[in-house]
Amino acid sequence: MKTKNKFIGGVEDFLAVLANERGASAHTVRAYARELRDFSSFLAETMDAGANVKDVEHTHIRAYLGKLYERGLTKASTARALAAVRSWFRWLAKEGRVAQNPALLVSTPKLPKHLPRVPSAEEVNRLMDSLETTPKKDEDDGALWPERDRVIFELLYGCGIRNAELCGMDLKDVHWKNDAILVRGKGRKERPVPLGDAAAVALREYLPVRAAKFEAAGRGKQAHEGPLLVNQRLRGDARLTTRSVGRIVKKIALARGLPSDVHPHTLRHAFGTHLLEAGADLRSIQELLGHERLSTTQRYTQLTVGQVQAVYDKTHPRSGVAD
């Protein structure tokens with residue numbers, strides 16, 4: 001004998017509110033209806049005969065998520081189901097039908113982090129090479145301050161540093177004698193990062209222009225100290241912000257034919273990915289990127305399984321041994 005579903009009424013009331021009062025799309029209403037009707041059926045089948053929606057606890061919701069996993073649903077699908085249940089109970093609490101939202105005590109399944117599309121080494125090199133040339137008159141290449149903007153790209157991609165690390169750098173953090181830059185990462189942890197030849201050239205071309213700007217503004221003392229990257233008009237302490245770097249990167253990347261989703265972190269991902277493609281070991285990449293855990297660095301392998309196999313086949317002495 002099929003158990004009577006005493007919970008469906010509350011679900012249908014909520015769906016009506018979604019459709020009529022909140023103006024949710026038909027797609028959203030259908031998705032919520034599917035998730036919540038299934039959940040209400042689960043409650044009707046598993047809870048005591050005299051139970052009602054006020055008796056639902058977080059343990060019941062967890063049990064439902066466990067049932068979804070047993071059916072083979074992915075973490076993403078399970079997370080969507082939990083989001084629908086949370087919304088329903090939030091409405092029930094607002095309406096006074098339940099004392100509190102039990103779904104708040106249920107953690108959302110941890111979803112895998114997906115890295116953005118990474119431009120190929122050829123695409124990035126083409127962009128970097130274009131920054132070395134002076135644009136034609138009346139040609140909008142996206143760069144407002146070519147010398148500074150080239151440094152931005154060279155350090156983000158050439159050194160693999162974070163946007164915040166880039167903007168936090170001071171002149172004194174460039175260690176010319178060691179061919180390195182000192183980077184302050186998360187938690188203010190410091191790490192030295194090799195300064196490549198191209199980045200060094202870009203810096204040497206930028207620094208005199210930076211100094212001249214400060215001299216012209218009557219701020220000669222700051223010509224040789226303070227933030228490495230400065231804003232165009234030397235506003236405030238003149239330090240360039242992460243938001244400004246984001247705008248600069250996107251504008252220049254678009255002007256040179258890269259996708260619209262390119263941002264500073266894309267260049268950092270490209271740095272790690274291209275090193276891996278070239279055969280660098282994960283531990284070395286971990287050190288360069290400043291990752292605390294190797295598992296964070298291993299995310300790059302999601303994008304380069306084919307390349308890793310090719311590197312193995314090419315370099316490992318036992319790769320050609322038959323089974």
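Remember, it's a predicted structure, so these values are computed and weren't measured experimentally. Excluded from the calculations below are hydrogen atoms, water molecules and symmetry mates; all remaining heavy atoms, backbone and side chain alike, are included.
The aromatic rings of Trp88 and Phe39 sit perpendicular to each other, their planes meeting at more than 60°, with 30° as the lower class boundary. Between His265 and His263, the two ring planes are parallel [angle under 30°; tilted spans 30° to 60°]. The aromatic rings of Tyr157 and His274 stand perpendicular to each other, their planes meeting at an angle above 60°, with 30° marking the opposite boundary.
Salt-bridge annotation for Lys67 and Glu45: absent, with no side-chain N of the basic residue lying under 4.0 Å from a carboxylate O of the acidic one. Ion pairing of Asp149 with Lys251 is absent here, as no side-chain N (NZ or NE/NH1/NH2) approaches a carboxylate O to less than 4.0 Å.
If you chain together hydrophobic residues whose side chains sit under 4.5 Å apart, Leu207 and Val151 fall into the same group. Under the 4.5 Å side-chain heavy-atom criterion for Ile, Leu, Val, Met, Phe, Trp and Tyr, Ile252 and Met128 are members of the same hydrophobic cluster. Taken together through direct or relayed side-chain contacts under 4.5 Å among Ile, Leu, Val, Met, Phe, Trp and Tyr, Leu294 and Ile285 form part of one hydrophobic cluster. The hydrophobic clustering, which links ILVMFWY residues whose side-chain heavy atoms are closer than 4.5 Å, places Leu171 and Val209 together. By the rule that hydrophobic residues join a cluster once side-chain heavy atoms approach within less than 4.5 Å of another member, Val53 and Leu18 end up as members of one cluster.
Of the possible donor and acceptor atoms, none in the side chain of Asp48 sits under 3.5 Å from a partner among the backbone N and O of Ala51. Between the side chain of Arg184 and the main chain of Glu190, no donor-acceptor pair closer than 3.5 Å is present. Proximity of a side-chain donor or acceptor of Lys172 to a complementary backbone N or O of Glu225 within less than 3.5 Å is not detected. Using a distance-only test at 3.5 Å, with no hydrogens or angles considered, no donor-acceptor pair links the side chain of Thr273 to the main chain of Ala270. In this structure, Arg148 contributes its side chain and Val230 its backbone to a donor-acceptor pair below 3.5 Å.
Arg90 and Ser87 share a side-chain donor-acceptor pair at under 3.5 Å. A donor atom on one side chain and an acceptor atom on the other are not found under 3.5 Å apart for Arg62 and Thr59.
Proximity of Ile61 to Pro102: side-chain heavy atoms (C-beta onward) are separated by under 4.5 Å at one or more points. Proximity of Arg150 to Tyr206: side-chain heavy atoms (C-beta onward) are nowhere separated by under 4.5 Å. Under the 4.5 Å side-chain criterion, counting only non-hydrogen atoms from C-beta, Val17 is not in contact with Glu95. Between Ile181 and Cys159, some side-chain heavy-atom pair lies under the 4.5 Å cut-off. Between Arg247 and Leu144 there is no side-chain heavy-atom pair separated by less than 4.5 Å. When side chains are defined from C-beta on, Asp13 counts as touching Trp91, because their heavy atoms get closer than 4.5 Å. Side-chain contact between Cys167 and Val245: present, with at least one pair of heavy atoms (C-beta onward) separated by less than 4.5 Å. Proximity of Leu65 to Val85: side-chain heavy atoms (C-beta onward) are nowhere separated by under 4.5 Å.
Here Gln222 contributes atom CD and Glu215 contributes atom CD; the two are 10.5 Å apart, rounded to the nearest 0.5 Å. Distance check, rounded to the nearest 0.5 Å: CZ of Arg162 to CG of Leu289 gives 7.5 Å. Atom CG in Leu36 sits 10.0 Å away from atom CG in Leu43 (nearest 0.5 Å). One distance of note links OH of Tyr64 with OG1 of Thr46; it measures 11.0 Å at 0.5 Å rounding. Leu282 contributes atom CG, which lies 10.5 Å from atom CG of Leu275 (distance to the nearest 0.5 angstrom). Atom OG1 of Thr242 sits about 12.0 Å away from atom CD of Glu165, to the nearest 0.5 Å.
Listed here is the closest heavy atom pair of Gln232 and Lys213: O-NZ, 3.6 Å. Across all non-hydrogen atoms, the minimal contact from Asp55 to Met47 is O-CE, 3.6 Å. Of all non-hydrogen atoms in Asp261 and Thr266, the two that sit nearest each other are O-OG1, 3.7 Å. Here the closest heavy-atom approach between residue Pro227 and residue Asp170 is recorded as CA-OD1, 3.5 Å. When all heavy atoms are compared, the tightest approach of Thr108 to Arg86 is OG1-NH1, 2.8 Å. Across all their heavy atoms, Leu258 and Leu254 have their closest contact at O-CD2, 3.8 Å.
Geometric assessment of Arg204 against the ring of Trp176 yields a positive cation-pi assignment under the 6.0 Å and 45° thresholds.
Around atom CG of Asp197, no more than 12 heavy atoms belonging to other residues, nucleotides or ligands sit under 6.0 Å away. The local environment of CZ in Arg243 is sparse, with at most 12 non-hydrogen atoms from other residues, nucleotides or ligands closer than 6.0 Å.
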| query | Taking it one step at a time, do Arg256 and Val262 satisfy side-chain contact (heavy atoms from CB on, under 4.5 Å)? | reply | CA-CA 11 Å; Arg256 286 161 168 76; Val262 170; over 6 Å; no
| request: Output, in order, the C-alpha distance, side-chain angles, deciding distance and verdict of side-chain contact (heavy atoms from CB on, under 4.5 Å) for Glu154 and Leu131. | output: CA-CA 10 Å; Glu154 288 290 358; Leu131 292 172; over 6 Å; no
| field | Residue pair Leu240, Ile248: steps toward the side-chain contact (heavy atoms from CB on, under 4.5 Å) verdict | value | CA-CA 11 Å; Leu240 198 63; Ile248 291 166; 4.2 Å; yes
| task | Given side-chain contact (heavy atoms from CB on, under 4.5 Å), test Leu155 with Val193 step by step and report yes or no. | result | CA-CA 10 Å; Leu155 293 182; Val193 176; over 6 Å; no
